[in-house]
Amino acid sequence: MKFSQMKYKRPDAEKIKATLISMTERLKNAENYGEAKKVFLENEKFTKHILTMQTLSSIRNSIDTRDAFYDKEEKFWNNMLPLVQEVAQQWTKTLLASPFRADFEKEYGEIMFSNAEMELKTFSPSIIPELQKENDLIQEYETLLASAQIKFGGNSYTLAQLFPFKNDENDDVRRAAWTVEGRWYAENSAELDRLYDDLVVLRDIMGKRLGYKDYTQLGYYRMCRNSYTKVDIEKFREAVVKYLVPVADRIYRNRAKSLGVGYPLSYADSSLVFRSGNPRPLGTADDILKAGMKFYGELSKETAEFFKTMLDDELLDVLAKEGKRAGGYCTTIYDYEVPFIFANFNGTADDVETVTHEAGHAFADWYNRKRVPISTIWPTLEACEVHSMSMEFFAWNWSEEFFGKDSEKFKYAHLSDALTFIPYGTLVDHFQHIVYEDSEMTPDERHEVWQSLQEIYMPWMRLDGDIPFYAEGKAWQRQHHIYSSPFYYIDYCLAQTVALQFWTMIQKDIKDAWSHYMAYTEQGGSKVFTELLKNAGLKSPFDSECLREVCEEAERWLAEHTPL
């Protein structure tokens with residue numbers, strides 16, 4: 001079914017709660033596994049339908065945040081979901097205490113129970129008002145970014161539409177674009193500070209009300225960190241500083257020299273990879289999707305069927321336009337057993353990286369769409385990001401379809417960006433840990449923390465200069481994950497480390513690399529992250545030697561393949 005034909009209807013909150021209460025009682029009173037399994041599967045179907053309605057509302061709101069109907073619907077979901085969570089928690093407790101738990105584990109695996117136990121640690125009816133307010137604040141943030149109308153060159157642009165000018169090879173154009181964007185952020189910085197301050201305080205309250213020292217432990221539970229700890233993350237950060245920051249620094253020193261600009265670089269100059277201009281995809285958005293069909297059509301039988309479904313059923317919304325939420329994502333429409341890709345194409349290489357990235361998520365979802373329970377369709381988020389970030393590298397062998405004569409430029413820029421991204425992503429994570437350990441920080445103190453950490457993780461970037469907002473160490477405010485999904489961002493760094501392993505395999509034998517990718521993907525969310533990796537013959541990013549090895553391989557390739 002085409003996306004436009006999928007019907008949305010707001011569910012009745014009281015009926016949802018009544019149905020969940022009834023199912024919980026039936027599970028509790030089940031006399032045998034057959035009865036327990038029957039109500040369990042009914043709950044699965046019911047949950048899928050409720051999630052489908054929520055997802056349809058969310059997608060349509062993000063496509064046009066100005067749509068009054070779906071804006072109202074999102075406010076309904078913001079308020080309703082925490083209320084339903086209280087009743088859903090009783091279902092979870094009953095399932096965990098079921099005398100037929102061993103039968104469920106034998107048929108469906110143990111992970112749904114271990115994850116459910118962690119989920120119980122994230123909720124209490126006492127934090128419902130804070131959860132509702134948190135949802136509203138995140139929606140405010142996203143709507144604020146979507147509302148941006150920036151005057152440039154006689155026209156008005158959204159943040160996504162302005163992006164190509166921020167990569168222009170003409171220094172005057174590029175720097176002017178960064179300046180007007182920075183001015184918009186600077187004009188809204190006080191509101192961005194207010195929103196984040198409110199979110200930090202709310203989350204701190206939730207953490208303490210649930211019995212934790214601060215929000216951090218609650219944040220880890222909400223992210224379902226089921227195979228590593230805060231200590232493991234700290235060790236990963238140390239490895240990034242030791243092995244990767246020096247590599248990234250050399251990349252930017254070489255870039256400054258080739259561009260003929262000063263080092264450290266300004267934000268505006270750091271965005272240009274080649275003096276002759278950054279790689280740009282061929283043609284229109286439709287041309288990119290057509291090239292995508294060729295890529296996925298030739299990669300494997302499974303990916304061919306998957307991407308054809310995405311195109312035929314109009315399960316992609318990719319053009320940047322006024323009122324559209326920033327960024328890109330993939331989500332699941334459970335009733336129809338299909339994924340949906342949201343993006344903001346703007347004529348840059350990011351368009352190709354986004355469609356291959358989000359399609360990596362979407363393929364994994366589509367491939368595992370029949371899994372029961374639905375909680376095992378997706379693994380935890382760092383594991384999901386392996387699907388997407390690795391898929392970007394598989395597209396290399398089809399880069400001429402996407403970029404034509406800029407193919408080699410793209411490969412060089414893509415690999416160097418993959419390496420230099422990890423320090424930035426690690427900086428985002430370190431920043432959040434410090435913020436949530438001291439919820440009483442002022443906005444100015446948070447900006448100072450960002451600036452001090454940037455000197456460690458991104459020494460190639462200078463803060464002094466004439467670009468508003470960026471020169472003041474406030475760049476973190478444009479990273480929506482910091483507002484909407486605390487502690488998520490390190491997942492990209494862990495996944496990028498794994499993706500670089502795939503990149504190494506692809507250089508040697510793409511068929512062998514794909515067999516490892518499928519061995520990883522076909523497990524869905526049936527195992528924890530570290531087990532998924534082990535079962536697919538991949539090294540853990542928590543092994544510091546893994547990061548060192550991929551850095552050496554990638555830096556060697558960059559030295560041998562620098563385009564003119």
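The chain is numbered in sequence order, starting from 1. Note that this is a predicted model, so its numbers are computed, not measured. What you see below is based on every heavy atom in this structure, not just the backbone, and it leaves out hydrogens, waters and symmetry mates.
The 12-atom threshold is exceeded at NZ of K48, counting heavy atoms of other residues, nucleotides or ligands nearer than 6.0 Å. Counted within 6.0 Å of CD on E545, heavy atoms from surrounding residues, nucleotides or ligands total more than 12; the atom is thus considered enclosed. Dense packing is recorded around NZ of K321, with more than 12 heavy atoms of other residues, nucleotides or ligands lying under 6.0 Å away.
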Next on the checklist: Working note: L494 + E385, criterion side-chain contact (heavy atoms from CB on, under 4.5 Å); need CA distance, chi angles, decisive distance, verdict.
Outcome noted: CA-CA 8 Å; L494 300 174; E385 296 303 340; over 6 Å; no
Item to check | Derivation of the side-chain contact (heavy atoms from CB on, under 4.5 Å) call for L20 and F46 | outcome: CA-CA 9 Å; L20 286 172; F46 179 72; 4.0 Å; yes
Item to check | side-chain contact (heavy atoms from CB on, under 4.5 Å) between E553 and Q507, intermediate numbers included | outcome: CA-CA 10 Å; E553 285 287 331; Q507 305 315 302; over 6 Å; no
Checklist entry - What's the verdict on salt bridge (Lys or Arg N to Asp or Glu O under 4.0 Å) for E238 and K235, showing C-alpha distance, side-chain angles and the deciding distance? => result CA-CA 5 Å; E238 292 172 1; K235 290 179 179 177; over 6 Å; no
Checklist entry - Can you check side-chain hydrogen bond (donor to acceptor under 3.5 Å, both in side chains) on Q139 and D71, steps first, answer last? => result CA-CA 9 Å; Q139 186 178 355; D71 180 70; 3.0 Å; yes
Checklist entry - Can you check side-chain contact (heavy atoms from CB on, under 4.5 Å) on M391 and H387, steps first, answer last? => result CA-CA 6 Å; M391 186 66 84; H387 299 136; over 6 Å; no
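Residues T92 and A116 come closest through the heavy atom pair CG2-CB, 3.7 Å. Scanning both residues, A36 and V39, for their nearest heavy atoms gives O-CG1, 3.2 Å. Residue Y8 comes nearest to M53 through the heavy atom pair CE1-O, 3.1 Å, listed as atom of the first residue, atom of the second, then distance. Between Y520 and A383, the closest heavy-atom pair is OH-O, 2.8 Å. When all heavy atoms of P373 and M112 are compared, the pair lying nearest together is CG-SD, 3.5 Å. Closest heavy-atom contact between M118 and Y221: CG-CD2, 3.5 Å.
Salt-bridge check for K208 with D204: passed, with a basic side-chain N closer than 4.0 Å to an acidic carboxylate O. Using a cutoff of 4.0 Å between basic side-chain nitrogens and carboxylate oxygens, K17 and E14 are scored as salt-bridged. We find that D64 and R66 are joined by a salt bridge, their nearest charged nitrogen and carboxylate oxygen being less than 4.0 Å apart. In this structure, K294 pairs ionically with E298, as a charged nitrogen and a carboxylate oxygen lie closer than 4.0 Å. Salt-bridge check for K308 with E305: failed, with every basic side-chain N at 4.0 Å or more from each acidic carboxylate O. In summary, D317 and K324 engage in a salt bridge, as defined by a charged side-chain N under 4.0 Å from a carboxylate O. Salt-bridge formation is not detected for the pair R325/E74: no Lys NZ or Arg NE/NH1/NH2 atom is positioned less than 4.0 Å from an Asp or Glu carboxylate oxygen.
With hydrogens and angles disregarded, a donor-acceptor distance shorter than 3.5 Å links the side chain of R369 to the backbone of W366. S58 places no side-chain N or O within 3.5 Å of a backbone atom of Q54 that could act as its donor or acceptor partner. With hydrogens and angles ignored, the 3.5 Å screen pairs a side-chain donor or acceptor of Q89 with a backbone N or O of F123. Remark: the backbone N or O of K45 is not paired with any side-chain donor or acceptor of H49 at under 3.5 angstrom. In terms of modelled atom types and a separation under 3.5 Å, the side chain of D198 and the main chain of L195 share no donor-acceptor contact. A distance-only check finds no donor-acceptor pair linking the side chain of E437 to the backbone of D214 [under 3.5 Å]. Under the 3.5 Å distance criterion, the side-chain polar atoms of T94 are matched with a main-chain donor or acceptor of Q90. Judged by distance alone, with hydrogens and angles left aside, the side-chain atoms of S124 form no donor-acceptor pair with the main-chain N or O of I127 at under 3.5 Å. Q501 places a side-chain N or O within 3.5 Å of a backbone atom of K539 that can act as its donor or acceptor partner. Here the side chain of N368 pairs no donor or acceptor atom with the backbone of R371 at under 3.5 angstrom.
At least one test fails for K121 against the ring of Y220: distance under 6.0 Å to the centre or angle within 45° of the axis. Judged by the 6.0 Å distance and 45° axis criteria, R60 is positioned over the aromatic ring of F3.
At least one side-chain heavy atom of R225 sits less than 4.5 Å from a side-chain heavy atom of I490. Under the 4.5 Å side-chain criterion, counting only non-hydrogen atoms from C-beta, Y108 is not in contact with S526. Side-chain atoms of T122 and L218, non-hydrogen and from C-beta on, do get closer than 4.5 Å to each other. Looking only at side-chain heavy atoms (C-beta outward), F529 and P541 come within less than 4.5 Å of each other. Side-chain contact between I233 and F542 is present, with at least one heavy-atom pair separated by less than 4.5 Å. Residues K28 and K93 have side chains not in contact (no heavy-atom distance under 4.5 Å, counting atoms from C-beta outward). A heavy-atom distance below 4.5 Å is found between the side chains of F342 and N344. Using a 4.5 Å cut-off on side-chain heavy atoms (C-beta onward), L538 and M505 make contact.
For Y492 and Y489, the gap between ring centers is short of 6.0 Å. For F394 and Y296, the gap between ring centers reaches or exceeds 6.0 Å. Separation of the F236 and Y228 ring centroids does not fall under the 6.0 Å cut-off. For an aromatic pair to be called close, the ring centres must be under 6.0 Å apart, and Y367 with F306 fails this. Aromatic ring centroids of Y483 and Y141 lie under 6.0 Å apart. Between H361 and Y329, a ring centre-to-centre spacing not shorter than 6.0 Å is recorded.
Partner of R101 under the salt bridge (Lys or Arg N to Asp or Glu O under 4.0 Å) criterion, out of E107, E117, E110: E117 alone. Each of W396, W514, Y517 was scored for a ring-ring contact (aromatic ring centres under 6.0 Å, His included) with F502, with one residue passing: Y517.
Ring geometry, W476 versus F431: the interplanar angle falls from 30° to 60°, so the pair is classed tilted. Relative ring orientation between Y436 and F487 is described as tilted, the plane-to-plane angle lying within the 30° to 60° band.
Between D509 atom CG and S515 atom OG the span is 8.0 Å, to the nearest 0.5 Å.
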